[in-house]
Peer 1: 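My questions will all concern the structure given below.
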Amino acid sequence: MKSKDRLQHRMLAHRIGISGLTMIVWLCGCGGTHPAPAPAATAPAIAAPSSTGNSQRSGSSEQAAAISHTPTREKAIQQLIAQVESDLAQGQASYHEGRLTEAKKHFDAAVDAMLTGGIDIRSNVQLLDEYNHTLDVVNGLEMEALKQGNGFAPVEEPTPADVANDVTFAVDPNLVAKARANLATTRSDLPLAINDYVAAFINFFSNTKIGHNTLKHSLERSGKYRAMIQRVMTQEGVPQDLIYLAVAESGFQPQVVNRQSGAGGMWQFMPVGNYGLVRNSYVDERFDPEKSTRAYARYMKFLYDQLGDWYLAMAAYDWGAGNVQRAVQKTGYADYWELYKRNNLPGETKNYVPEILAAIIIANNRKQYGFDDIQLDTPVVTDTVKIDYSLDIRLAADIVNADPRELMALNPSLLRMITPPPSMLQEPFELHLPPGTGPAFLAKISRIPVEHRTAWRYHTVSAEDTLASVARNYRVSVAELAQVNHLKADDTLENVDALVIPTAPAAPARRRVTFYRAHRGDTLVTIADRFGVSLSDLRRWNKRSGTRVISGERIRVTEPATTARSRSSQGSKAHSSQRRPNTSDALHHPASPAQASKKAAPKTPHSASKSKRHSTVQPSTKKKKHKK
């Protein structure tokens, strides 16, 4: 495979899923034949043809019909090239302005337009030249970007906790007095305290550029999820200001992953443990903002019921309830600040509670601390439909007239472009769609047989469309296209609004991936997390003991045929060894305080070192120095 084709594979693999890779392989000439046509199946008509004037005999074969529409096809080709050139030009402009994330979006759009335009690239010299030119441009710019840093990988947004490791405790007494005065009028449903430790973080976030900007960006992102989080907190009976633990955990980024521990999502749950979130090869609910928030609220309530103090509950969320209990038993003080002063807490947990209290105080007194210019991000609003069948996201995007990437962004728990089959879920999958599109989706999806919703497509008819042109664009036969839409092969589309497209399922998409090509920044932990397998199994299948992998290395991600299956749905101790060694190995089953006193407390979702190195679900190339 040529270098530019490998680039396309790398750029699109994480976004378009396995079935999309099938198309890339076909374009690169790795496949010898076109996919076999799907078996003819019948779908209810989308729009009944007119009783008169909708049937014309061309008196020629399907090939002649295709030839007769050559001008229409040429126009479609020119429109596609113009779209690609526009995206490419915008990407180049963004690149030269230093906006690499924006550049990548435009480059992805250009490549996607070529791949999903419905026209065989190899059948037209202009399209093939445009395709190669596009890849050459993107490849050249990415190589240039890689020399300067991470290429087109998105810049990881650090959390306030990540940048606050260098806070010193030489605090201006005037700042402490100011904070105490503000505290008198601060409304919070958590007990708030002002001391030198908290004041140091207030000073850092309000009076240093990096601290101010990082907290500002975090608070701005909270606007996307604030209303949802507040609703869930109310329903679960926990204080509203517990929302600000997300400042330390993820900076309100729902898809960050701690490369060291594998903890992921807005609330940084570990990839093992029974805390009510589904994880399999299709979906990881740690990245679902609402479901993970509910799991977080319930777990915090359990910690509070067990420890009787919100500060200790926060410390337990960071360090582990068992560790906090042992520190209390050792000192005889069930008081966070006493444990702090007596050095019975690790450094990251010492920082954890004060920085959260500082964030709460600043968030409730923005003007006083210089945060009055915050513009909250627009809340995420969706229509949610429950589906009990597998569905290709591209089909859903066709139906609601949206970009597949938009739907993936609205459904961050999805690990691939297909929703999980019912057998892998305990309840129907909640599909989030753009607001106002839910009813239309339900009406239109009913016209496609359930067994074909992972392969077929939906095409909105335009004035220039004919059965022959649509069939050619999707590489299906006219007879087949007409049959599933209750039309005749020689019918016009004059009174037809949309067509169901009986595209053939791509065979590789129906097989489980065997090998994964590692990216820069990958480890066995992130690869295990990506494919829903345990770290111990991944090590065993690849005959290694560590977690380091080399960029470009082929990693087996399924069990060899000769090896007995031993994978557990809960993961393994090898995977959980990323946590602190003293943390209890019990899972997140809520227990009464009496029960908890007889056994080790459950693991914290993320008791690895607080100086986390976060990455997005997409493998990132950014490397951070690990700080204590």
Side-chain angles (χ1 to χ4, degrees), residues 159-161 163-164 167-209 211-223 226-227 229-231 233-234 236-249 251-252 297 300-301 303-304 307-318 333-342 345 349-376:
T159 70
V163 301
V167 171
T168 61
F169 293 96
V171 179
D172 181 355
N174 293 327
L175 188 145
V176 176
K178 175 185 175 182
R180 285 178 175 155
N182 290 329
L183 187 62
T185 58
T186 299
R187 298 178 60 184
S188 175
D189 49 6
L190 280 174
L192 299 181
I194 287 292
N195 51 36
D196 286 355
Y197 314 123
V198 177
F201 282 97
I202 292 177
N203 178 63
F204 175 74
F205 290 137
S206 59
N207 294 323
T208 68
K209 182 176 180 180
H212 181 278
N213 289 343
T214 306
L215 181 59
K216 176 184 175 182
H217 295 161
S218 179
L219 294 176
E220 287 175 338
R221 279 192 298 270
S222 73
R226 177 178 295 273
I229 295 174
Q230 290 175 335
R231 170 174 53 82
M233 297 290 193
T234 299
E236 297 299 330
V238 296
Q240 293 284 310
D241 277 347
L242 286 178
I243 185 176
Y244 293 106
L245 264 73
V247 168
E249 292 301 326
F252 292 96
M300 284 300 296
K301 187 175 183 179
L303 291 175
Y304 176 77
L307 298 169
D309 179 89
W310 283 117
Y311 291 175
L312 292 178
M314 292 181 200
Y317 194 82
D318 178 67
Y333 288 97
D335 181 281
Y336 172 82
W337 300 114
E338 286 295 332
L339 298 181
Y340 188 115
K341 295 173 185 176
R342 296 167 184 273
L345 298 171
T349 308
K350 282 185 173 182
N351 289 344
Y352 190 73
V353 173
E355 68 190 346
I356 292 169
L357 295 180
I360 293 173
I361 292 169
I362 290 173
N364 285 285
N365 299 275
R366 295 179 186 174
K367 185 175 181 179
Q368 291 89 324
Y369 294 104
F371 286 82
D372 49 326
D373 60 338
I374 285 181
Q375 298 293 324
L376 296 180

Peer 1: Roughly how far, to the nearest 0.5 Å, is NE2 of His212 from NE2 of His217?
Peer 2: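 If I round to the nearest 0.5 Å, the distance is 9.5 Å.
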Peer 1: Any chance you could measure Asn182, atom CG, to Lys367, atom NZ, to the nearest 0.5 Å?
Peer 2: 12.5 Å
Peer 1: Taking atom NZ of Lys178 and atom OH of Tyr369, what is their separation to the nearest 0.5 Å?
Peer 2: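 So the gap between those two atoms works out to 6.0 Å.
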Peer 1: Is any side-chain heavy atom of Met314 closer than 4.5 Å to one of Tyr244?
Peer 2: no
Peer 1: To the nearest 0.5 Å, what is the distance between CD1 (Ile202) and CD (Gln368)?
Peer 2: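 Rounded to the nearest 0.5 Å, the CD1-CD separation comes to 11.0 Å.
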Peer 1: Run the side-chain hydrogen bond (donor to acceptor under 3.5 Å, both in side chains) check on Thr349 and Asp318 step by step: do they pass?
Peer 2: CA-CA 6 Å; Thr349 308; Asp318 178 67; 2.7 Å; yes
Peer 1: Sequence neighbours excluded, which residues qualify as side chain to side chain contact (heavy atoms under 4.5 Å, CB included) partners of Ala181?
Peer 2: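 Expected list: none.
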Peer 1: For the pair Ser218 (side chain) and Thr214 (backbone), establish whether a donor and an acceptor sit closer than 3.5 Å, ignoring hydrogens and angles.
Peer 2: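 It does not hold such a pair.
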Peer 1: Check the pair Tyr340 / Val353 against side-chain contact (heavy atoms from CB on, under 4.5 Å), numbers first and verdict last.
Peer 2: CA-CA 10 Å; Tyr340 188 115; Val353 173; over 6 Å; no
Peer 1: Tell me every residue that passes salt bridge (Lys or Arg N to Asp or Glu O under 4.0 Å) with Lys216, counting only those two or more places apart in sequence or in another chain.
Peer 2: Asp373
Peer 1: Is there side-chain contact between Ile356 and Phe201, with at least one heavy-atom pair below 4.5 Å?
Peer 2: no
Peer 1: Could you tell me which non-hydrogen atom of Arg221 sits nearest to which non-hydrogen atom of Gly251, and how far apart they are?
Peer 2: NE-O, 2.7 Å
Peer 1: Locate the shortest heavy-atom distance separating Glu220 from Gln375; write the atom from each residue and the value.
Peer 2: CG-O, 3.4 Å
Peer 1: Please enumerate all residues that pass side chain to side chain contact (heavy atoms under 4.5 Å, CB included) together with Pro191, with sequence neighbours excluded.
Peer 2: Trp310, Tyr311
Peer 1: When rounded to the nearest 0.5 angstrom, what is the spacing between CZ in Phe371 and CZ in Phe205?
Peer 2: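 That separation rounds to 8.0 Å.
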Peer 1: Can you give me the closest heavy-atom contact between Leu376 and Ser222, atom names plus distance?
Peer 2: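 Closest heavy-atom pair between Leu376 and Ser222: CD2-OG, 4.1 Å.
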Peer 1: Indicate the atoms forming the closest heavy-atom contact of Val238 with Ala297, along with that distance.
Peer 2: CG1-O, 3.6 Å
Peer 1: Spell out, as yes or no, whether a donor-acceptor pair under 3.5 Å connects the side chain of Asn364 to the backbone of Ile360.
Peer 2: yes
Peer 1: So does Asp241 get a backbone contact from the side chain of Asp189, meaning a donor-acceptor N/O pair under 3.5 Å?
Peer 2: yes
Peer 1: To the nearest 0.5 angstrom, please state how far the CG atom of Asn351 sits from the CG atom of Leu345.
Peer 2: 10.5 Å
Peer 1: Out of Asn365, Ile194, Ile362, which one pairs with Thr186 under the side chain to side chain contact (heavy atoms under 4.5 Å, CB included) rule?
Peer 2: Asn365
Peer 1: Can you see which heavy atom on Ala248 is nearest to which on Glu355, and at what distance?
Peer 2: CB-OE2, 3.8 Å
Peer 1: For the residue pair Ala359 and Val247, what are the closest heavy atoms and their distance?
Peer 2: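 Closest heavy-atom pair between Ala359 and Val247: CB-CG1, 4.2 Å.
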Peer 1: Show, in sequence, the C-alpha distance, side-chain angles and deciding distance for Leu312 and Leu339, and conclude whether the side-chain contact (heavy atoms from CB on, under 4.5 Å) test is met.
Peer 2: CA-CA 10 Å; Leu312 292 178; Leu339 298 181; 3.9 Å; yes
Peer 1: Side chains of Leu245 and Met300: does their closest heavy-atom pair fall under 4.5 Å?
Peer 2: yes
Peer 1: Tell me, do Asp309 and Asp335 make a side-chain contact under 4.5 Å, heavy atoms counted?
Peer 2: no
